[in-house]
Structure formats: structure tokens, C-alpha cells
Amino acid sequence: MASAEPTVNFNVLHRTCKLVVLLCFLHISVTVFFYVRSLDIRFSFVQNQQTRAGITGPIGTTGSTEAAKPPLEAKAAAEPDELAAGKSLKKCPQTSPLLVGPLRVEFNIPVSLDEVEKTNPNVGPGGRYKPKDCVALQKVAIIIPFRKRDEHLKFWLYYLHPILQRQQLDYGVYVINQDGDEIFNRAKLLNVGYAEAMKEYDYDCFIFSDVDLIPMDDRNIYKCFSQPRHLSVSMDKFGFRLPYNQYFGGVSSMMKGQYLSINGFPNNYWGWGGEDDDIYNRLASKGMTISRPSGDVGKCRMIRHERDKQNEPNPQRFDRIAHTRDTMNKDGIKSLSYKVVSKERLALYTKITVDIGKP
Ligand code: UDH
Ligand code: NGS
């Protein structure tokens, strides 16, 4: 009788130990699972988005084996050309299967144009691209107003080319460089971009983008919609919010018809400010509304910079935006005049230097 009790205790002890070991194992498994998952979330999406389009570089060189693979588009190009084989290509899908979502965007490591060229082998002279394995839904001209912002342009090309390719667009990049040192005129340069791009190809959609704005999500599609689109809706410098409801600055898009129906953009806003509000007024006066991506998809980063020389705030801007409806039919694409100084078809973009005169 005296020996029965220690046996029971030993059994209880044994069971308790087993339970403790099991609990420990469970605990470790759960911890490892969440740890691995968090690593995956933090690192995989950026590598994915960079490597899938064949990009390596400051944020794409973390040793992923994907980096060594040819880009998807290159793979398609290497296959027998379907058109040459007499087959007609299908339209690209409404939503590109190549999109990866949120992207890491940083400006602390400078990029070189050589590197951007090497990592975008499918971009043709002048910054032209179209998908090889399907027919893009839109022909998009991207117009960038420009003067002395070469460092910003490199970042723009570095980030945007892979994104635009993943978006399966038939696109061309036009950098409209204001010649000379007269006061800057953003909206007039955008009009020049429209006119010059139309001479090159039958574009049906126009993206007007500042050189210093980079989208943080490739689901923010650089295409046109049934209403004019504002794409840079949640900028870091505004705390990822719209500064005001009518804000139409930064990056926007318009179908050819939408652009022409407002007579393009004003040519007489010299210096900083107001031209984007004038464009908004033009659209509103024609009964159009602004389409926008969600705040999440529309996140973007601006490359910080000081105010440029010869782009001081325009003191006439408030008076001008008060009279958009009276002036818009006279001042716009129909009355645009400028002189092309040079046109360079570079590896990643077409650079058009123009004399747009002075106020
Ligand atoms: N741009 C140039 N060169 C210039 C001026 C403007 O390329 O000399 C282009 C460029 O594409 C730029 C766009 O025009 O992104 C818009 O001009 P901006 O960047 O000057 O306008 P933003 O409103 O900045 O972004 C205003 C100056 C803020 C100064 C803040 C100082 N801390
Ligand atoms: C408004 C300007 C816009 C400008 C916006 C954001 O006040 O042109 O601020 O400017 N309108 C007028 O001045 C009438 S920002 O903070 O990006 O420099 O786009």
C-alpha cells in the first residue's frame, strides 16, 4: 500500500512534463511562423517588384535568385514572334498580372543612368515600350516639365520604367526641357509635350508628371479614365493626404479628348503656382469631375528640394485663376507657340529642348 502513492505522483509528473514540452513546441512553432511571415512581408514585395522587371540596384540587390532571371518581358521577346508567325496578339488584361502592390521608394543612394539602362533592356530608344505578348489597352505619352533636375530625373527613370512595364502600357517618355534661364512655365511645357508627342505616335492618353514624384504602389496605373485622373493623391509631404479637394497638381492624366475639350493648359502662368488650379477650373467648367485612386494606392514620395531659381511664386496667379472661364478658350493648346531647339532620342527618354519665350 505504501508504494502506490509515489507511482501515481510519477505518472502525474510524467504527463505534466509531456504537456509542458508540447506547449513549448507549440509556442516555438507559432513564434517561428510569425517571425518568418514578418520577414516575408518586409522584404519580399520590394525584391519581387524590382526583380520581376529585371531591376537590380540600390534596393534590388539583396541576393534574391530572381535577380538573375531574365525579365518577364524579355522571356516573351525571346519566344518566336507571334505576329511574325501570323497570329494576332490578344488585348492585355484589364488588370496586369505583373503588379506587385506597395513599393519601397528611397532617395538616399544615387542611381546611374547606365544602371537604369542595363536593368531595362526592353525599353527602346526615346523611352518607348510596349508589351510583347499582348496589345496594351492604351497608348500613353508621359510628359515631364523639366529644367536642371537631372538627379531627380534619374530617380524617376529608375523607379518608373519597371512600374510602367509591369502595368503593361504602350508608352513613351517625353522630357520637355525649358531652354535658357527665363522664368519657368510648367503648364506651357506640358502643352509642348502634348504637341510634340502627338507628332511621334497616335497617343490616346497623356500623363503629366512632375519629375520629383514617385508612386509607392504599382496599382496606381499610369493610364487614363473616363474622367480626368489625379494620381498623386497622397503625397508624403502633405502627410499622405490631399492638401485640398480641388488639388490637381503633381501627376495627372487625361484622354486626348478630355485635354482638347478644355483647350489644353494655360500658357501664361510664369513662375510657381496656380496653373494646376487653372487646369482644375477648366475641367470643372466643362462639367468633368476628377477621378482618383484610393489614398492607399495613391501614396507617393516627393524628392525633397529647395525652390528652383527662376520659379518664384507668381504674384498674378490668384487673379488668373479667378478668370479661367473667360480666358481658357483663347489661351491654350490652340494658341501655343514655341520653337524646338533640339530633340534627342536617348536610351530611356526623349529629351526635347524648347524655347517657350518669356512673359
Ligand atoms: N521644374 C523643373 N525645374 C525647375 C522648376 C520646376 O524641372 O527649375 C519642374 C519639375 O518637373 C518639378 C515641376 O516642374 O517637379 C514642379 O515644380 P516644383 O517642384 O518647383 O513645384 P513644387 O510645388 O515645389 O513641387 C515648390 C518649391 C517648394 C520649395 C520648398 C522649400 N523647402
Ligand atoms: C496651392 C497652389 C498650387 C500648388 C499647391 C500645392 O496653393 O499651384 O498649393 O503647392 N495654388 C496657388 O498658389 C493659387 S505645394 O505645396 O506643392 O508647393 O500646387
Side-chain angles (χ1 to χ4, degrees), residues 142-149 152-153 156 175-194 206-214 228-254 259 262-286 288 290 292 298 300-333 335-336 338 354-359:
I142 299 162
I143 318 286
I144 302 178
F146 185 85
R147 186 166 67 187
K148 295 181 187 153
R149 293 277 197 102
H152 294 184
L153 182 59
W156 191 95
V175 172
I176 313 300
N177 180 36
Q178 181 170 338
D179 193 36
D181 289 315
E182 275 299 336
I183 190 155
F184 195 71
N185 187 330
R186 176 177 180 268
K188 186 165 182 180
L189 292 170
L190 296 179
N191 277 338
V192 172
Y194 170 88
F206 296 83
I207 303 276
F208 303 100
S209 174
D210 284 359
V211 73
D212 52 11
L213 282 171
I214 311 294
R229 181 96 160 168
H230 184 224
L231 291 97
S232 51
V233 300
S234 59
M235 283 159 63
D236 56 349
K237 79 162 171 177
F238 297 133
F240 296 108
R241 311 165 67 232
L242 269 185
Y244 51 96
N245 273 344
Q246 297 81 1
Y247 179 58
F248 199 61
V251 189
S252 59
S253 81
M254 270 176 228
Y259 173 86
I262 57 168
N263 189 21
F265 300 159
N267 296 303
N268 62 355
Y269 279 76
W270 298 90
W272 180 88
E275 83 296 341
D276 47 354
D277 303 309
D278 189 291
I279 296 167
Y280 175 87
N281 290 345
R282 287 176 182 234
L283 296 169
S285 80
K286 294 287 174 188
M288 287 184 259
I290 305 301
R292 289 192 167 105
C300 53
R301 280 206 193 290
M302 194 194 85
I303 308 171
R304 298 273 160 180
H305 62 91
E306 292 305 316
R307 190 175 291 286
D308 303 270
K309 291 199 182 93
Q310 291 292 69
N311 197 25
E312 278 74 38
N314 170 10
Q316 296 168 343
R317 65 191 188 284
F318 300 105
D319 187 49
R320 292 217 192 283
I321 57 175
H323 295 99
T324 304
R325 282 168 193 248
D326 311 326
T327 54
M328 62 183 276
N329 293 329
K330 283 170 252 142
D331 176 30
I333 187 70
S335 58
L336 175 69
Y338 62 95
V354 281
D355 176 356
I356 56 169
K358 52 186 177 188

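Numbers here are sequence positions counted from 1.
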Under 3.5 Å, which donor-acceptor pairs do the side chains of residues 237-252 form with other protein atoms, sequence neighbours left out?
{"residue": "Y244", "atom": "OH", "partner": "D277", "partner atom": "OD1", "Å": "2.6"}

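- Remark: the backbone N or O of N268 is paired with a side-chain donor or acceptor of R320 at under 3.5 angstrom.
- In this view, E312 and Q310 satisfy the side chain to side chain contact (heavy atoms under 4.5 Å, CB included) rule, not counting sequence neighbours.
- D308 meets the side-chain hydrogen bond (donor to acceptor under 3.5 Å, both in side chains) test with R149; sequence neighbours excluded.
- We find the CZ-CE distance between F208 and M254 to be 6.0 Å, quoted to the nearest 0.5 Å.
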Practice item. Kindly determine whether H152 and V211 satisfy side-chain contact (heavy atoms from CB on, under 4.5 Å), including the steps that lead there. Key: CA-CA 6 Å; H152 294 184; V211 73; 3.9 Å; yes

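- For K309, there are no salt bridge (charged side-chain N to carboxylate O under 4.0 Å, His left out) partners, not counting sequence neighbours.
- For H323, there are no ring pair (Phe, Tyr, Trp, His ring centres under 6.0 Å) partners, not counting sequence neighbours.
- Judged as a side chain to side chain contact (heavy atoms under 4.5 Å, CB included), and not counting sequence neighbours, the contacts of P313 are W272, R307, R317.
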Exercise for review: Start with the C-alpha gap between S335 and K330, add the side-chain angles, then the distance that decides, and say whether side-chain contact (heavy atoms from CB on, under 4.5 Å) holds.
Suggested key: CA-CA 7 Å; S335 58; K330 283 170 252 142; over 6 Å; no

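- Across all their heavy atoms, P145 and D210 have their closest contact at CG-OD1, 4.2 Å.
- Evaluation of the side chain to side chain contact (heavy atoms under 4.5 Å, CB included) rule for N281 yields I321, T324 as partners, not counting sequence neighbours.
- With contacts defined as side-chain heavy-atom distances shorter than 4.5 Å, the pair I143/I207 does not qualify.
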Point to revise | Verdict with supporting geometry, N311 and I183, side-chain contact (heavy atoms from CB on, under 4.5 Å) | key: CA-CA 6 Å; N311 197 25; I183 190 155; 5.6 Å; no

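- Counting only distance, with no hydrogens or angles, the side chain of D236 and the backbone of M302 share a donor-acceptor pair below 3.5 Å.
- For D181, the side chain to side chain contact (heavy atoms under 4.5 Å, CB included) partners at least two apart in sequence or on another chain are K148.
- Remark: F184 pairs with no residue by the ring pair (Phe, Tyr, Trp, His ring centres under 6.0 Å) rule, at least two apart or across chains.
- Partners of Y194 according to the ring pair (Phe, Tyr, Trp, His ring centres under 6.0 Å) rule, which considers only residues two or more places apart in sequence or in another chain, are F206, Y259.
- Scored by the side-chain hydrogen bond (donor to acceptor under 3.5 Å, both in side chains) test, E275 finds R186 as partners (sequence neighbours excluded).
- When every heavy atom of R282 is checked against every heavy atom of G264, the shortest pair comes out as NH1-O, 3.0 Å.
- Side-chain contact check for D212 versus H305: some heavy-atom pair is nearer than 4.5 Å.
- Side-chain contact annotation: N185 with N267, donor-acceptor N/O pair under 3.5 Å absent.
- Residues N314 and G271 share a closest heavy-atom pair of CB-C, 4.2 Å.
- Between Y269 and D278, some side-chain heavy-atom pair lies under the 4.5 Å cut-off.
- Note that the NE2 atom of H230 and the CD1 atom of I279 stand 10.5 Å from one another [nearest 0.5 Å].
- P266 and N191 get closest at one heavy-atom pair: O-ND2, 4.2 Å.
- Residues that satisfy the side-chain hydrogen bond (donor to acceptor under 3.5 Å, both in side chains) test with R147, not counting sequence neighbours, are absent from this structure.
- Distance CG/N329 to OG/S285: 8.0 Å, rounded to 0.5 Å.
- M235 is listed as a side-chain neighbour of L213, based on a closest heavy-atom distance under 4.5 Å.
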**Study point:** side-chain contact (heavy atoms from CB on, under 4.5 Å) assessment of I290 paired with Y280
**Key:** CA-CA 9 Å; I290 305 301; Y280 175 87; 3.7 Å; yes

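- Within the 3.5 Å criterion, the main-chain N or O of I356 finds a donor-acceptor partner in the side chain of K188.
- Atom CG of D276 and atom CZ of F265 lie 10.0 Å apart (nearest 0.5 Å).
- Looking at V175 and L153, their side chains come closer than 4.5 Å, going by heavy atoms from C-beta outward.
- Taking CG from L231 and CZ from R292, the interatomic distance works out to 10.0 Å, rounded to the nearest 0.5 Å.
- Residues I144 and W156 are in side-chain contact: their nearest non-hydrogen atoms beyond the backbone lie under 4.5 Å apart.
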